[in-house]
Trainee: 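One structure coming up, written as structure tokens, with questions to follow.
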Amino acid sequence: MRKIIYLLFALSLLLASCKSKKTLVIAPKPEFPVVVSTGDTLRTAVIPGVSGSVDRTAIITESSLNLPSSYAGIDRIKRYDFSHPDVPEAFEGFRIAFISDLHYKSLFREKALEALVRLLNEQQADVLLMGGDYQEGCQYVPELFEALAQVKTSFGTYGVMGNNDYERCYDNIVREMQYYGMHVLEHKVDTLKRGDERILIAGVRNPFDLMGSRTSPTLGLSPDDFVIMLVHTPDYVQMFPVDHTDLALAGHTHGGQVVVLGIAPIVPSRYGTRFLTGLKYTTSHLPVIITNGLGTSNKDIRIGAPSEIIMITLHRLEK
């Protein structure tokens, strides 16, 4: 036991200069118990209808698929089936790929990027959503987005920025994304249409700018729309009202990046491990899916926090 304590202490020192500007606090006890799935097991969560951000019942089924070594740098696919009454009939079976925190080039390098593009194309997603923290150096931005542009989807690619991207390379990233026809969602809502029906993708601009970005871009939307919020850190959806959001997608935590015996010494969240990874809920019962991401921050090491992509399939839930 003493050796384990020493190991955790050493890892804490190793990661102590994490680039996030958020203050780490001890996690409060979650208002709603969460069961974490492992391996290829399934779990189903039912979100009760409440006033506020979520006013319908959703059913979410989760599974995990470990990948072979031929997908270098990517450990698994996390899959979610998301059933909700606001999902339009035209979007039954709609497939969303979500990636975040590539930190290219960190532990996530050329072979991993090549494997990612191949994997995403194999998944045949309808849309690709990206959660930010794309780079670990501006010189890597052009080749990163040149590769990501090879991912083919029916509805294109949408992305927000992470804290790394606001600290450096912001203009470079925006320019490359726009060059390849990708959509930058800076406190903006975009519409995906199939026939006469639609779903909305809302992106949050710099969620660490607590004054400039505290008003959610979803507040003016209709409660009858199906709205997905894309935001770099899960803290945002707990801190501020995000009414009319049906599902939030976030990254930033890296799943702890280093997790030993279920303990993550460093988590870049003011809520500790409450929003560490996977399917979680805010106090208003909003479901948030947090990805471990793909790359690494500060130190090129991952222990107990598998790198991953997220695949979400939408289903219409009859009212």
Side-chain angles (χ1 to χ4, degrees), residues 34-47 57-87 91-102 108 112 115-131 148 151-155 157-159 192 199 201 226-231 234 245-256 259 275-281 286-295 302 304-317:
V34 174
V35 179
V36 179
S37 66
T38 59
D40 294 329
T41 59
L42 294 171
R43 73 179 169 98
T44 300
V46 178
I47 307 168
T57 297
I59 298 177
I60 309 169
T61 301
E62 172 186 340
S63 65
S64 179
L65 174 65
N66 295 326
L67 294 172
S69 59
S70 56
Y71 296 96
I74 313 168
D75 295 317
R76 69 185 183 188
I77 303 173
K78 289 291 290 294
R79 292 172 173 161
Y80 297 87
D81 283 278
F82 190 91
S83 302
H84 194 282
D86 287 347
V87 173
F91 286 85
E92 170 64 36
F94 191 81
R95 290 169 58 81
I96 299 165
F98 174 50
I99 61 174
S100 189
D101 298 274
L102 283 74
F108 189 82
L116 174 64
V117 172
R118 174 163 49 93
L119 177 61
L120 288 172
N121 280 325
E122 290 170 352
Q123 296 305 303
Q124 298 182 328
D126 292 295
V127 68
L128 172 62
L129 304 183
M130 305 190 299
L148 291 175
V151 178
K152 304 304 179 185
T153 66
S154 305
F155 286 82
T157 298
Y158 296 76
L192 308 185
I199 63 175
I201 309 293
F226 183 75
V227 180
I228 298 172
M229 172 174 281
L230 189 59
V231 60
T245 302
D246 297 298
L247 172 65
L249 305 178
H252 185 60
T253 66
H254 296 199
V259 180
F275 298 106
L276 180 65
T277 184
L279 175 62
K280 307 296 183 184
Y281 305 99
L286 172 68
V288 189
I289 295 175
I290 305 108
T291 179
N292 289 354
L294 292 159
R302 268 192 183 271
S307 59
E308 63 189 18
I309 71 167
I310 302 294
M311 290 297 304
I312 303 165
T313 304
L314 301 182
H315 301 285
R316 179 172 177 80
L317 189 63

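As the structure is a prediction and not an experimental result, all values here were calculated from the model. Basis for what follows: all heavy atoms, side chains included, without hydrogens, waters or symmetry-related copies.
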Trainee: Okay, side chain of Asp101, backbone of Gly131: is any donor-acceptor separation there less than 3.5 Å?
Mentor: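 Such a contact is absent between Asp101 side chain and Gly131 backbone.
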
Trainee: Going by ring pair (Phe, Tyr, Trp, His ring centres under 6.0 Å), name the residues that satisfy it together with Phe108, two or more places apart in sequence or in a different chain.
Mentor: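 None.
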
Trainee: Output all residues satisfying salt bridge (Lys or Arg N to Asp or Glu O under 4.0 Å) with Arg79, sequence neighbours left out; order by chain, then residue number.
Mentor: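 In terms of salt bridge (Lys or Arg N to Asp or Glu O under 4.0 Å), with neighbours along the sequence ignored, Arg79 is linked to no residue.
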
Trainee: Who pairs with Glu92 by side-chain hydrogen bond (donor to acceptor under 3.5 Å, both in side chains), at least two apart in sequence or on another chain?
Mentor: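 Applying side-chain hydrogen bond (donor to acceptor under 3.5 Å, both in side chains) to Glu92 gives His315.
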
Trainee: Specify the closest pair of heavy atoms between Arg76 and Pro306, including all atoms of both residues, with the distance to one decimal.
Mentor: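 So the two residues come closest at NH1-CG, 3.8 Å.
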
Trainee: Between Thr277 and Val259, does a side chain to side chain contact (heavy atoms under 4.5 Å, CB included) hold up when you go through it step by step?
Mentor: CA-CA 11 Å; Thr277 184; Val259 180; over 6 Å; no

Trainee: For a quick test of reading the model, state the closest non-hydrogen atom pair linking Gly251 to Ser100 and the distance between them.
Mentor: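 For Gly251 and Ser100, the tightest heavy-atom pair comes out as CA-OG, 3.9 Å.
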
Trainee: CG/Leu148 to OG1/Thr157 distance, rounded to the nearest 0.5 angstrom?
Mentor: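 If we round to the nearest 0.5 Å, Leu148:CG and Thr157:OG1 are 7.5 Å apart.
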
Trainee: Give a yes or no on whether the backbone of Arg95 and the side-chain of Asp126 come within a donor-acceptor separation of less than 3.5 Å.
Mentor: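 Answer holds: yes.
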
Trainee: Which word best sums up how the rings of Phe94 and Phe155 line up, parallel for under 30°, tilted for 30 to 60°, or perpendicular for over 60°?
Mentor: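 Geometry flag for Phe155 against Phe94: perpendicular rings.
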
Trainee: Between Thr291, Ile290, Leu249, which is the residue that forms a side-chain contact (heavy atoms from CB on, under 4.5 Å) with Pro234?
Mentor: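 Of Thr291, Ile290, Leu249, side-chain contact (heavy atoms from CB on, under 4.5 Å) with Pro234 is met by Ile290 alone.
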
Trainee: How many angstroms lie between atom CG of Asp246 and atom CG of Asp86, to the nearest 0.5 angstrom?
Mentor: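 Atom-to-atom, Asp246:CG and Asp86:CG are 5.0 Å apart.
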
Trainee: Nearest heavy-atom pair of Phe91 and Val87: which atoms, and what distance?
Mentor: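 Looking at all heavy atoms of both residues, the shortest contact is O-CG1, 4.0 Å.
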
Trainee: Could you give the distance from CD1 (Ile228) to NE2 (His84), rounded to the nearest 0.5 Å?
Mentor: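 One gets 10.5 Å once the value is rounded to the nearest 0.5 Å.
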
Trainee: Working to the nearest 0.5 angstrom, can you tell me the gap between Phe82 CZ and Ile60 CD1?
Mentor: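 Taking CZ in Phe82 and CD1 in Ile60, the distance rounds to 4.5 Å.
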
Trainee: Counting distance only, does the side-chain N/O of Thr253 pair as donor-acceptor with the main-chain N or O of Leu276 below 3.5 Å?
Mentor: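 Checking the backbone N and O of Leu276 against the side chain of Thr253, a donor-acceptor pair under 3.5 Å is found.
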
Trainee: If you look at every heavy atom in Gly278 and Lys78, which pair is closest and at what distance?
Mentor: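 Shortest heavy-atom contact: CA-NZ, 4.3 Å.
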
Trainee: Heavy atoms only: give me the nearest Ile309-Gln123 pair and the separation to one decimal.
Mentor: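 The answer is CD1-CG, 4.3 Å.
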
Trainee: What's the spacing between Leu247 CG and Leu314 CG if we round to 0.5 Å?
Mentor: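 The CG atom of Leu314 is 8.0 Å from CG of Leu247, to the nearest 0.5 Å.
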
Trainee: Checking the side chain of Ser307 only, and the main-chain atoms of Asp75 only, is there a donor and an acceptor separated by less than 3.5 Å?
Mentor: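 Side chain of Ser307 to backbone of Asp75: a pair is present.
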
Trainee: Should Ile96 and Ile310 count as side-chain neighbours, where that means a heavy-atom distance under 4.5 Å?
Mentor: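 No, too far: nothing below the 4.5 Å cut-off.
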
Trainee: Between His254 and Gly295, what is the shortest heavy-atom contact and its length?
Mentor: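 The answer is ND1-O, 4.0 Å.
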
Trainee: Determine, step by step, whether Leu67 and Ile77 satisfy the side chain to side chain contact (heavy atoms under 4.5 Å, CB included) criterion, reporting the C-alpha distance in whole Å, the side-chain angles of both residues, the deciding distance to 0.1 Å, and the verdict.
Mentor: CA-CA 7 Å; Leu67 294 172; Ile77 303 173; 3.9 Å; yes

Trainee: Once rounded to the nearest 0.5 Å, what's the spacing between atom CZ of Phe98 and atom CG of Leu128?
Mentor: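 Atom-to-atom, Phe98:CZ and Leu128:CG are 10.0 Å apart.
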
